[in-house]
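Below is one structure, written out as structure tokens; the observations come after it.
Numbered from 1 within each chain, the chains take letters A, B, ... in sequence-line order.
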Amino acid sequence: MAENIRTDEATGTDTVGHEWDGIEELNTPLPRWWLWTFYATVFWALVYVILYPAWPLVNSATAGVLGWSSRGDVEQQLAARQEQLAPVHEALIAADINSIPGNDELRTTAIQGGASAYKVHCVQCHGADAAGLGGYPNLNDDDWLWGGDLEAIEYTLVHGIRNPDHDETRFSQMPAFGADGLLDSAQIADTVAYVRTLSGEEQASAASQRGAELFANNCAVCHGAEGKGDRSLGAPNLTDAIALYGTDRESLTNTIYYSRNGVMPRWGQRLDAATIRMLAVYIHSLGGGEAAPVPEEAGQETENAEGAAQAETASADSESSDG
Amino acid sequence: MANPDITAEPERHIDLYAARKDVFPKAVNGFFRRLKWQIMAVTLAVYYITPWIRWDRGPYAPDQAVLVDLANRRFYFFSIEIWPHEFYYVAGMLVMAGIGLFLITSAVGRAWCGYACPQTVWTDLFQHVERWVDGDRNAQFRLKDSPWNFTKVRKRLTKWGIWLFIAFWTGGAWIMYFADAPTLVVDFWQGEAPFVAYATVGILTAITFIFGGFMREQVCIYMCPWPRIQTAMMDEKSLMVTYKDWRGEPRGSVKKAQKQPGAFGDCVDCNQCVAVCPTGIDIREGPQIGCITCALCIDACDTVMEQVGRPRGLIDYITEEDTEREKAGEPARANWKMLLRPRTLAYFTLWASIGMAMLFVLGNRSRLDLAAQQDRSPPFVQLSNGDVRNSFTVKLRNMENRPRDVIISVSGLEGATAWSDTVPRRDGQTSFTASVPADSVGKLQLFVVAPRDGAPGEELTITARGADAAADDSKASDSESFTFERPGQ
């Protein structure tokens with residue numbers, strides 16, 4: 001290769017000795033500043049290796065004299081962020097929860113913070129879209145067993161549902177009518193038929209008429225004579241189009257035979273007050289949140305038709321059926 | 001290829017790395033030098049003065065005519081205000097700049113390199129400073145070779161000081177485009193400007209100082225990719241600085257020519273074209289990558305030709321096509337004829353069309369923008385009375401410099417009602433008003449409720465309209481349509 005070096009006549013420069021199909025390369029020297037730039041980058045690399053974690057060892061890497069680590073960096077950033085958010089969190093706790101939606105800054109913070117807290121703590125049961133699934137309530141809709149205003153949601157979050165050893169927890173218990181032998185299978189079938197007429201899924205029949213009597217004797221205590229439920233007891237409204245465990249015959253039969261007892265943790269034990277507040281505001285903002293109960297006269301002034309809508313909702317004809 | 005006996009070859013040694021050969025171009029006068037002066041004055045003036053032009057936009061927007069407001073994500077250019085989602089205007093400008101370069105290069109060759117490139121302009125400026133401090137070409141060579149005595153130190157410090165001063169103002173002017181210039185200057189000197197301002201000025205000062213003072217032609221030859229691309233845009237009808245070797249060769253001094261009339265060409269081998277070249281090349285060796293077509297060699301050669309009483313234009317702007325014609329003895333054609341040919345006209349038409357289209361779109365753009373997104377998780381929500389609710393995240397961009405009330409309305413969906421998270425829910429309504437602050441984006445959640453039974457694929461249209469605008473003013477309204485999601489459909 002090297003023996004092919006020759007001097008190019010036109011330029012007076014040597015060739016490097018390679019030849020490709022008659023094309024040769026001139027041995028033109030690189031500019032010296034390029035060399036110095038190269039040395040500078042080498043020097044910089046050495047400095048970097050000394051200052052920062054660089055050499056991989058068996059289980060770790062050299063620490064670098066600056067003691068920098070990406071983990072420490074993240075911790076610092078998190079601490080700084082926490083410190084930055086502290087005043088807002090304090091303001092959130094100090095505020096009346098019903099005033100938060102009217103305060104732009106607090107509402108924005110609460111919804112954003114609540115959305116991220118939701119993704120960590122709530123998606124496991126209520127789903128990423130908060131739409132729930134069989135036994136886990138849909139938080140987007142307007143059907144609330146224990147009330148859907150901000151205070152009710154916050155209370156549910158703090159105290160949970162059906163937590164043993166906690167007096168303030170939300171607790172409702174339906175008897176297991178079949179398992180405990182309160183009703184026999186035929187009676188349960190009649191009751192199912194009647195309940196399904198309440199939500200308009202079945203036409204009245206002889207069975208449902210028998211069921212009506214059974215309902216009045218066994219169920220009306222909690223669900224009300226018309227089946228519209230009772231929030232103070234957490235008893236669901238049986239006349240609307242939403243049912244936590246389904247309204248088909250099989251689901252209803254199972255519910256009445258065995259009863260159902262969903263549990264939600266006491267988040268008050270695990271999360272700080274500000275996070276719970278943010279979660280409550282976020283869930284309330286999903287579209288199903290109800291307005292806080294307002295005094296009669298104030299309600300008319302603000303033209304808040306929530307109450308009226310609620311009443312209409314309850315009496316509205318419902319022809320829907322869950323497949 | 002010959003395979004020489006290497007033992008017989010003399011020892012040849014080429015260093016891998018070569019030091020720069022100093023280029024101290026000589027001062028020159030002439031038409032192209034004057035043109036360079038004028039272009040330098042205009043480009044530098046535009047660069048330094050632009051950020052200081054004021055433009056009254058009212059209380060909600062800055063009063064700087066040209067401002068790249070990165071923090072608030074706005075670009076202000078006189079009466080035009082560009083939002084991030086309108087960045088295609090900037091993309092359009094870049095496309096125009098690209099096609100403009102095609103046009104210029106195909107017409108007049110490397111005019112960008114020779115006259116308008118910042119590297120050329122600042123290098124030229126720095127070389128004038130150098131000549132002013134150190135003297136002309138020969139004095140500069142002498143000074144370079146002289147030992148470090150008091151005079152040399154004084155001159156070097158003076159020169160570098162002035163360079164540094166120019167470099168600092170160059171870097172300083174750059175940051176003025178990104179913040180309110182008068183405020184930033186005061187903050188800068190009081191040490192209260194953001195760190196990024198000091199860092200930018202520092203880096204740009206260093207780059208200007210090093211590139212303009214020391215790297216100079218090495219940037220054009222080794223670092224810049226543009227000369228490589230540029231040659232692809234040139235053809236045999238593009239103007240190039242050319243030494244007419246058929247007229248100049250063989251070279252001979254005036255004395256030799258007088259002794260042997262007819263034996264020599266017009267070139268008197270005075271080397272002036274090499275002495276004045278800012279990139280240090282010899283144009284008589286033919287077209288080469290180091291030539292930025294600044295034409296200072298033309299000025300130098302014309303001056304000499306006049307002195308020795310020979311016709312001007314031994315070195316001249318000429319196309320390759322005309323080179324062949326002139327070699328064949330045909331008369332030269334006027335250069336301007338080369339400008340009007342299909343290729344340049346096509347580039348110009350394309351360039352102008354994009355410009356016209358952009359102006360048209362700019363004149364008709366809406367200053368209220370609705371960007372709605374149908375929430376997909378969940379796609380719909382079943383309500384307790386059997387109705388179905390869809391939810392939309394709506395962004396309202398109020399691009400005017402005043403707060404506006406915007407009417408959001410929903411239409412096209414049978415029996416639908418709509419409300420937002422920021423207004424109380426009311427039954428039966430299909431529209432409500434939202435207020436959006438000046439020059440900002442309002443975000444709200446829009447809930448649309450409709451009976452469960454409806455035609456499959458039923459569409460609803462969300463319309464945003466300025467409350468104070470006429471109902472048919474398309475510039476003040478915007479709408480989007482969506483398919484209403486229902487269970488089982």
For A:N138, is it the side chain, the backbone, both or neither that has a heavy atom under 4.5 Å from a heavy atom of chain B?
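The side chain, not the backbone.
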Are there over 12 heavy-atom neighbours, none belonging to [X], within less than 6.0 Å of that residue's [atom1]?
X	atom1	result
A:Q124	CD	yes
B:F214	CZ	yes
B:R402	CZ	yes
B:E414	CD	no
B:F482	CZ	yes
B:Q373	CD	no
B:W246	CH2	yes

Return the minimal non-hydrogen interatomic distance between A:S285 and B:F447, and the atom names on each side.
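The answer is O-CZ, 3.9 Å.
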Quick check: closest heavy atoms across B:R389 and A:G288, and the distance to 0.1 Å?
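What the structure gives for the nearest pair is NH1-N, 3.7 Å.
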Per the side-chain contact (heavy atoms from CB on, under 4.5 Å) rule, which among A:I242, A:D142, A:L139, A:N140 passes with B:V381?
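Between B:V381 and the candidates, side-chain contact (heavy atoms from CB on, under 4.5 Å) is satisfied uniquely by A:N140.
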Determine the option with the most heavy-atom pairs under 4.5 angstrom with chain B, choosing from A:A130, A:P31, A:G22.
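Winner by heavy-atom pair count: A:P31.
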Calculate, to the nearest 0.5 Å, the distance between atoms CH2 and CD belonging to A:W33 and B:Q218 respectively.
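Reported value, rounded in 0.5 Å steps: 6.5 Å.
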Is there side-chain contact between A:N237 and B:S384, with heavy atoms separated by less than 4.5 Å?
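Not touching, per the 4.5 Å side-chain cut-off.
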Using 30° and 60° as the class limits, which term best fits the ring planes of B:Y17 and A:W34: parallel, tilted or perpendicular?
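Ring orientation, 0 to 90° scale: parallel.
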Let me know if B:R20 has heavy atoms under 4.5 Å from chain A in its side chain, its backbone, both or neither.
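No part of B:R20 comes within 4.5 Å of chain A.
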